[in-house]
Structure formats: structure tokens, C-alpha cells
Amino acid sequence: MKEYQLFDQAQIKAVEEAVSIAEELVSNYFKMSSSQWFKSRYDVRTTINLADHERVVGPFAQVVGYEARKKDVPFGSSAFNFYRVCLQDGTILKAVEEKEGFQLFPFVLYVVVHELVHVVRFTKFQQIYEAATTHETAMEEERKVHALTLKILKPVRLAGLALILEYYGERSVKPGFDKLV
Ligand SMILES: [Zn+2]
């Protein structure tokens with residue numbers, strides 16, 4: 001079985017903080033009228049809390065879609081789509097280690113903003129999620145999400161972030177950045 005490098009305690013804390021800033025930035029940008037509602041449509045997990053099928057080798061993260069049901073509501077009446085952002089600790093740590101100047105906190109912020117932009121678009125337009133499984137629409141969706149991510153993060157002043165935006169900015173997002181399931 002494949003061994004995955006996991007975030008340590010201190011790294012988990014940094015990741016949690018980056019996730020909460022990412023949530024705030026994304027829900028402000030899209031003027032989500034109810035951030036509570038938005039938050040009930042997804043969660044973000046690191047590798048230790050992922051099921052086998054939520055782990056993937058290569059991408060920094062993947063978004064896995066589920067059909068969920070509200071508790072306390074009769075069966076069949078209230079199915080909704082739920083998305084799990086599955087962070088791949090090992091791949092993220094490898095990038096931070098190998099790419100000059102990359103730091104964990106701003107890099108995770110970058111990755112999570114990107115994934116949450118996908119989630120917002122999926123919750124607003126379900127057909128995007130369905131279409132994203134074909135190659136061409138997936139690439140088109142990646143380009144849009146990438147552009148929005150840069151727009152959201154450009155005004156943010158955070159040590160180490162400018163370098164990451166510069167790394168990804170000029171070129172379009174790398175194939176294999178993430179995976180949508
Ligand atoms: Zn993406």
C-alpha cells in the first residue's frame with residue numbers, strides 16, 4: 001500500500017487557518033448571501049481523514065461530489081449535492097519542499113481558494129459539475145477557476161503569496177493541479 005506523507009500537528013494548524021481565510025475570501029467575493037448555507041455544502045479534509053477513494057496520487061487536491069440528505073427530513077425529499085475538498089498532504093508538502101520560496105501557508109491558501117471556487121460554481125450551476133468530467137469542458141472550467149482564483153488573491157497581502165501567484169499567474173493552470181470526481 002502507498003505511504004502518504006501527512007501534515008504534522010503544526011502544519012495542520014497552518015492548514016486550518018489557511019482554510020478559514022480561503023472560506024472568507026471566496027464567500028465575500030461571490031457575495032454568498034448566506035455563508036452558513038454555503039458552508040453546509042462542502043467540507044475540507046486533509047489526507048488522514050480521507051477514505052481510500054478520496055486519496056489521489058499527483059494532484060494537490062480533489063473535489064469529490066456526494067449526494068447528501070438533510071437529517072430529520074423524510075427520505076427522498078431533500079437530497080442535495082455535497083462536495084468534499086480532499087487535500088493531498090504529501091503532494092502539497094513535496095511542492096513546498098521543491099519549489100523555491102514556496103511556503104505552506106500561502107500555498108494552501110492558494111490551493112483551497114481554487115478548490116472553493118470550483119465548489120461555488122458547482123453549487124450554483126450543477127451542470128458544470130456534470131460537464132467537468134469530460135476533458136474539454138474540464139479544461140475550460142479550469143481556466144475560469146484559475147482566473148477567478150488570481151482575481152480573488154491579487155489584493156491579499158500575505159508573505160510568500162505574491163511568489164506563488166507569479167509562479168502560476170502568467171501561465172495557465174498546470175494540468176493535474178487538481179481532480180474533480
Ligand atoms: Zn481546478
Side-chain angles (χ1 to χ4, degrees), residues 4 6-7 11-12 14-30 32 35 37-51 53-66 68 80-96 99 102-133 137-154 156 158 161 164-165 167-169 172-181:
Y4 296 88
L6 300 175
F7 294 134
Q11 290 165 334
I12 289 279
V15 168
E16 282 170 354
E17 208 183 318
V19 168
S20 89
I21 294 175
E23 288 176 327
E24 209 179 302
L25 287 167
V26 171
S27 70
N28 286 347
Y29 181 84
F30 288 99
M32 301 303 277
S35 62
W37 177 88
F38 177 51
K39 280 185 117 171
S40 71
R41 289 303 188 259
Y42 71 89
D43 65 4
V44 180
R45 291 191 175 180
T46 60
T47 302
I48 198 159
N49 291 316
L50 297 181
H53 72 276
E54 294 172 333
R55 299 180 182 199
V56 60
V57 177
F60 299 121
Q62 69 171 337
V63 179
V64 181
Y66 293 102
F80 63 94
N81 295 298
F82 182 85
Y83 300 96
R84 172 157 299 146
V85 175
C86 307
L87 296 178
Q88 311 296 314
D89 303 17
T91 319
I92 291 172
L93 287 170
K94 195 162 176 273
V96 169
K99 294 188 169 57
F102 270 39
Q103 294 169 42
L104 183 67
F105 188 87
F107 186 56
V108 169
L109 181 70
Y110 177 77
V111 172
V112 175
V113 166
H114 178 108
E115 304 309 330
L116 290 181
V117 171
H118 277 302
V119 172
V120 169
R121 292 173 53 76
F122 293 156
T123 57
K124 285 189 166 183
F125 320 102
Q126 169 62 19
Q127 67 276 18
I128 292 178
Y129 180 69
E130 275 144 25
T133 49
T137 40
M139 280 318 291
E140 183 55 31
E141 180 62 9
E142 284 309 315
R143 274 190 284 274
K144 283 183 186 152
V145 167
H146 180 58
L148 285 163
T149 302
L150 293 179
K151 220 170 153 186
I152 292 169
L153 287 173
K154 274 260 161 71
V156 176
L158 173 72
L161 183 62
I164 289 163
L165 297 187
Y167 182 86
Y168 286 103
S172 65
V173 74
K174 308 261 183 302
F177 181 88
D178 60 0
K179 191 176 165 219
L180 311 171
V181 181

Side-chain heavy atoms of F122 within contact of N81, under 4.5 Å = no

Sidechain-backbone polar pair: Q88 side chain, E54 backbone, donor-acceptor under 3.5 Å | yes

Would you check if the side chain of E115 reaches a backbone N or O of V113 as a donor-acceptor pair within less than 3.5 Å?
-> no

Nearest heavy-atom neighbours spanning L6 and Q11 = O-OE1, 4.2 Å

Least distance between heavy atoms, F60 atom then I92 atom | O-CD1, 3.7 Å

Taking C-beta and beyond as the side chain, do K124 and M32 meet within less than 4.5 Å on heavy atoms?
-> yes

First locate atom CZ of R45, then atom CG of D89, and finally report the distance between them rounded to the nearest 0.5 Å.
-> 13.0 Å

4.5 Å side-chain heavy-atom contact, L158 and F105 | yes

Heavy-atom nearest pair, Y66 first then R84, reads CE1-CB, 4.1 Å

Compute the centroid of each ring, for Y168 and then for F177, and state whether the two points are separated by less than 6.0 Å.
-> yes

For residues E23 and Y42, is any side-chain donor paired with an opposing acceptor at under 3.5 Å?
-> yes

Would you check, one step at a time, whether the test side chain to side chain contact (heavy atoms under 4.5 Å, CB included) holds for V85 with D43?
-> CA-CA 6 Å; V85 175; D43 65 4; over 6 Å; no

So, T46 side chain and L87 main chain: donor-acceptor pair closer than 3.5 Å or not?
-> no

When you look at H53 and Q62, which way does the side-chain hydrogen bond (donor to acceptor under 3.5 Å, both in side chains) test go after all the steps?
-> CA-CA 10 Å; H53 72 276; Q62 69 171 337; over 6 Å; no

Between H114 and E142: side-chain donor-acceptor atoms closer than 3.5 Å | yes

Ignoring hydrogens and geometry, is there a side-chain-to-backbone donor-acceptor pair from R55 to T47 under 3.5 Å?
-> yes

To the nearest 0.5 Å, atom CD of E16 lies from atom CD1 of I21 at 12.5 Å

Specify the closest pair of heavy atoms between P59 and V56, including all atoms of both residues, with the distance to one decimal.
-> CD-CG2, 3.9 Å

Which distance, rounded to the nearest 0.5 Å, do you find between the OG1 of T91 and the CG of L93?
-> 8.5 Å

F30 side, atom CZ; I152 side, atom CD1 - distance, nearest 0.5 Å = 5.0 Å

Contact check, side chains of R121 and L148, non-hydrogen atoms, under 4.5 Å = yes

Establish, for the pair R41 and Y83, whether the NZ or CZ atom is under 6.0 angstrom from the six-membered ring centre and no further than 45 degrees off its axis.
-> no

Identify the heavy atoms of L153 and L109 that sit nearest to each other, and give their distance.
-> CD2-CD2, 3.9 Å

Begin from the C-alpha positions of F80 and T123 and carry the test side chain to side chain contact (heavy atoms under 4.5 Å, CB included) through to its verdict.
-> CA-CA 9 Å; F80 63 94; T123 57; over 6 Å; no

Electrostatic pair E140-R143, nearest N-O below 4.0 angstrom = yes

For residues T149 and V145, report the shortest heavy-atom separation together with the two atoms involved.
-> OG1-O, 2.7 Å

